[in-house]
Protein chains: 4
Amino acid sequence: MKKSEKTNSIEQKAIKRAQILEAAVKAFSRHGYHSCTMNRVAKEAGVADGTLYLYVKGKEDLLVTAFSHVLGLLMERLDKEIKKLDNPVSKLRRLMELHFEVMENDPDLAGFLQFQLRQPDPAIRAAIRTPLVQYANRIEAIVEEGKEKGTFRKSIGTRAMRRVIFGSMDETVSAWWFRQDGNELMKKVAPLMEVILHGLLINDDKSRKSEH
Amino acid sequence: MKKSEKTNSIEQKAIKRAQILEAAVKAFSRHGYHSCTMNRVAKEAGVADGTLYLYVKGKEDLLVTAFSHVLGLLMERLDKEIKKLDNPVSKLRRLMELHFEVMENDPDLAGFLQFQLRQPDPAIRAAIRTPLVQYANRIEAIVEEGKEKGTFRKSIGTRAMRRVIFGSMDETVSAWWFRQDGNELMKKVAPLMEVILHGLLINDDKSRKSEH
Amino acid sequence: MKKSEKTNSIEQKAIKRAQILEAAVKAFSRHGYHSCTMNRVAKEAGVADGTLYLYVKGKEDLLVTAFSHVLGLLMERLDKEIKKLDNPVSKLRRLMELHFEVMENDPDLAGFLQFQLRQPDPAIRAAIRTPLVQYANRIEAIVEEGKEKGTFRKSIGTRAMRRVIFGSMDETVSAWWFRQDGNELMKKVAPLMEVILHGLLINDDKSRKSEH
Amino acid sequence: MKKSEKTNSIEQKAIKRAQILEAAVKAFSRHGYHSCTMNRVAKEAGVADGTLYLYVKGKEDLLVTAFSHVLGLLMERLDKEIKKLDNPVSKLRRLMELHFEVMENDPDLAGFLQFQLRQPDPAIRAAIRTPLVQYANRIEAIVEEGKEKGTFRKSIGTRAMRRVIFGSMDETVSAWWFRQDGNELMKKVAPLMEVILHGLLINDDKSRKSEH
DNA sequence: TATGAATGAGTGTTCATTCAT
DNA sequence: AATGAATGAACACTCATTCAT
């Protein structure tokens, strides 16, 4: 049963890897990346200090690898869910719901993504950039689709729209995380969509394109 | 002339204090809060290491104090400028222009506010919260005024509006800072205002209140 | 054919043992004893880390055992060659030639013997002492023979003579190894013998026993 | 008294520096360079760990700096003593006496010079090379002088002579240090000089230049 | 016998903070 | 008030060794 053994061993390794990366998310979130020692992560994962280095190159790599791991899981789910929908507004709402749902269900993950990841270190930012861009692309794809289908206004740049969307979600999650007041995050979807879709103004005459 | 001497001495002290706080902004921005040593701040300020501790309690306090200092200057200016204007849309645009202008003119300050300040350490975040709330209040005051005057829609919570506004600006500045592509930040004001005021949708019928 | 199998197995083991010891000499020489990891030795020998511990007790034991192994080979050859010769001067020259030849033909071995072995750790030095003394005995035996045959002066202690002989060779090999300037080591035999046999002085009157 | 204060401070610093370097010699000698922790050196010097780094760049630099320090002291004394003498044989004997005397009076220093310094690390060897060459030059200068004055034989290279001289002394000190049998090192001067000056052979006819 | 994943003790170095001057 | 030399706690990472397979 060599093959079965080998398969098992590979599975074991993948499981331990996930164990470590998820322990890192939790530990970094609770103590803060810089204040969190590798020893704490190891304890959280239930392995020895040295074992961490069999799976990642170092502390920085652990942060980045853990990020790719969890964002990968999120995007896999996102793609599957969004594929089912047919109009950009629904897609945008679903993206936002999913984003908030994930955060709400795992505050450690939320803390990790909102704060621990925002490291000023250029090396870290560069490493994080790639998966982050993929997420931004998901948003921009919806915006583009909306423009093509005539749902969203073509006069505004896709980038600007993406920034408003992502910036709003991001700020909302951050504010929610700090208050930690029960699980109300999902309730923010509707008002946020309201503002993003229709804007602040009453009796808005879109033919004007601008208020002056 | 005891009094004059004393006044002079107090002024001297205030000047050195500002010197130190601005040196901290610059040094933290360039090297990153955690990687920046107190010695570097001291050198930047032109004082000895120990002298810093005559003005702040420690490194963390230096970060927070420096933040209050620069945000105080910004808000002082903001209040003066906004007082002149009479409608909420102009006020909102002016706030955004000012925000972007300050960032654009002082990239060190921008890096400090956008990244160095976002420390995951709970103690730091708590300390930073107070001055930050004051800034949020400026935005919410404009939103409230807009609602009262019938310019902004009452159906959306002030908080949600504020989050979209601040989140959009914040995300825009962050993205700009990273690209560091010349001084184009001011050009983002119009498209951002466009989205925020009118929303993403074309032919928006505001009587519907929502897209479904 | 149990016996043949067993013999074969024993031979196999001896071969692997030699493999490991020679890999250790090479690896220690190239990376330095302290900087060389057991993993590197294992790789060099083509076995797994754990396998090393089936042949030696630990890293220190590996160093000492490897030394005994290579010095044993050298002395075996030395004895055979010297047996053929009949006068102490020839024997001394042959010893020196052999010493230099071995070093020259295997720079890894030379580096190992000249530097990696000179560990300050008392335990290591003590362990190395035994085989080293055997080599010293070869030199002293030649000196003694020379004294008995009336070739060398009896007035000087055998130990002192041995120290001059061994110290000179050792210093010469070290200097050569550092310069690594082609294979000129054999050319040092003649001048070295010249000094050792006749001394530095011109017109030496041996009846004086000393220069004053 | 500004000047006096400053002078005093500089003196203090030089004293502490010497304290640290001499503590390093002692600590490295007793525990072995690699096994000796910086903490041990600090304790030996009576300072905190961090203080060491105010005087040297790191552990490796400490080794090299300590070596330069002690060899500098030795050579200063050597030059002064040798200047008084007029013939190369006396100079050679004085050099050897001094070498042995210094080692004998400070076994820690001897252990440091004989073993701790012989690190295989190329960086260390390169750093140590410069002061070591200076010492070699002292020996070669005496040899050259001896050749010019017609005392030493011109037919043998200066380098070869130096290697015999230095190698013999080195080997003698090493052997002595291991036995640690009282303070007999000085007694080795005469027999060593005997061999080096007159060679091993009885009835040596220098006109032959070689034994065959 | 052989493997190699897992272990965890051990250490050079940094740097915020203090305090004698 | 100002200095800056001294402090010493804290930590990421390595690697010899073990042991279940």
Side-chain angles (χ1 to χ4, degrees), chain A residues 1-2 5-6 8-9 12-13 16 20 34-43 45-62, chain B residues 9 12-13 16 20 34-43 45-62, chain C residues 9 12-13 16 34-43 45-62, chain D residues 2 5-6 8-9 12-13 16 20 34-43 45-62:
Chain A
M1 300 262 270
K2 270 259 173 80
E5 272 169 24
K6 205 168 209 169
N8 206 40
S9 160
Q12 291 291 340
K13 195 143 193 193
K16 189 165 269 188
I20 286 173
H34 273 103
S35 305
C36 182
T37 65
M38 291 299 269
N39 175 49
R40 251 199 264 253
V41 176
K43 264 185 190 150
V47 299
D49 291 23
T51 306
L52 297 181
Y53 293 85
L54 299 175
Y55 294 87
V56 294
K57 281 201 280 284
K59 194 181 183 185
E60 196 175 301
D61 187 43
L62 180 55
Chain B
S9 160
Q12 290 291 338
K13 190 145 193 192
K16 189 166 267 188
I20 287 172
H34 273 103
S35 304
C36 182
T37 65
M38 291 298 270
N39 173 51
R40 248 199 264 253
V41 176
K43 261 184 192 155
V47 299
D49 294 22
T51 306
L52 297 179
Y53 292 83
L54 301 173
Y55 292 87
V56 293
K57 280 202 282 284
K59 195 182 184 183
E60 200 175 295
D61 187 43
L62 179 56
Chain C
S9 161
Q12 290 291 338
K13 190 142 195 195
K16 190 166 269 188
H34 273 102
S35 303
C36 183
T37 65
M38 291 298 270
N39 174 50
R40 247 199 266 251
V41 175
K43 263 184 191 154
V47 299
D49 294 23
T51 306
L52 297 179
Y53 292 83
L54 300 172
Y55 293 87
V56 292
K57 279 201 284 284
K59 194 180 184 185
E60 200 175 296
D61 186 43
L62 179 55
Chain D
K2 268 262 173 76
E5 272 170 25
K6 203 165 211 169
N8 206 42
S9 160
Q12 291 290 341
K13 194 140 196 194
K16 189 166 272 190
I20 286 173
H34 274 104
S35 305
C36 182
T37 65
M38 289 300 269
N39 175 50
R40 251 199 263 253
V41 176
K43 263 183 191 152
V47 299
D49 291 23
T51 305
L52 297 180
Y53 293 84
L54 299 174
Y55 293 86
V56 293
K57 280 201 279 288
K59 194 181 183 185
E60 195 175 302
D61 187 43
L62 180 55

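Below, chain A is the first sequence line, B the second, and so on; all start at residue 1.
- Closest approach of A/Lys59 to A/His34, counting heavy atoms only: NZ-O, 3.5 Å.
- In this structure, the separation between CD1 on A/Ile20 and CG on A/Leu62 is 8.0 Å, given to the nearest 0.5 Å.
- Residues that satisfy the side chain to side chain contact (heavy atoms under 4.5 Å, CB included) test with C/Ser35, not counting sequence neighbours, are absent from this structure.
- When the C1' atom of E/dT17 is taken as reference, atom CD of B/Glu60 falls 14 Å away, rounded to whole Å.
- Rounded to whole Å, the distance from CD1 on D/Ile20 to P on F/dA5 is 13 Å.
- Residues passing the side chain to side chain donor-acceptor pair (under 3.5 Å) test with D/Asp61, sequence neighbours excluded: D/Thr65.
- A heavy-atom distance below 4.5 Å is not found between the side chains of B/Asp49 and B/Thr37.
- OP1 or OP2 of F/dA5 has not a single side-chain nitrogen or oxygen of D/Tyr55 nearer than 4.0 Å.
- The shortest non-hydrogen separation linking B/Lys16 to B/Val47 is CE-CG1, 4.2 Å.
- Looking at every heavy atom in both residues, A/Leu52 comes nearest to A/Met38 through CD1-O, 3.4 Å.
- Nucleotide F/dA6 holds its C1' atom 11 Å from the CG atom of D/Leu52, rounded to whole Å.
- Distance A/Arg40 CZ to F/dA12 C1': 14 Å, rounded to the nearest Å.
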Exercise. Starting at the 5' end of DNA chain F, what dot-bracket string do you get if Watson-Crick and G-U pairs under 3.5 Å are bracketed, crossing pairs use [ ], other-strand pairs use | and unpaired bases use dots?
Worked result: .||||||||||||||||||||
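- When the C1' atom of E/dT18 is taken as reference, atom CG of D/Leu54 falls 14 Å away, rounded to whole Å.
- In terms of heavy-atom proximity, D/Val41 sits nearest to D/Cys36 at CG2-SG, 3.8 Å.
- Each of D/Gly46 and B/Lys13 was assigned the nucleotide of DNA chain F with the nearest heavy atom; the assignment lying further toward the 5' end belongs to B/Lys13.
- Among residues two or more places apart in sequence or in another chain, the side chain to side chain contact (heavy atoms under 4.5 Å, CB included) test is passed with B/Lys13 by B/Tyr55.
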What protein N or O atoms touch nucleotides 14-16 of chain F N or O atoms at under 3.5 angstrom, if any, and at what distances?
| from | atom 1 | to | atom 2 | distance (Å) |
| --- | --- | --- | --- | --- |
| F/dA16 | OP1 | C/Lys59 | NZ | 3.1 |
| F/dA16 | OP2 | C/Met38 | N | 2.6 |

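- For C/Lys16 and E/dA2, the shortest distance from a side-chain N or O to OP1 or OP2 is below 4.0 Å.
- Taking the side chain of C/Ala48 as heavy atoms from C-beta on, and the options E/dA6, E/dA2, E/dG4, the nearest nucleotide is E/dG4.
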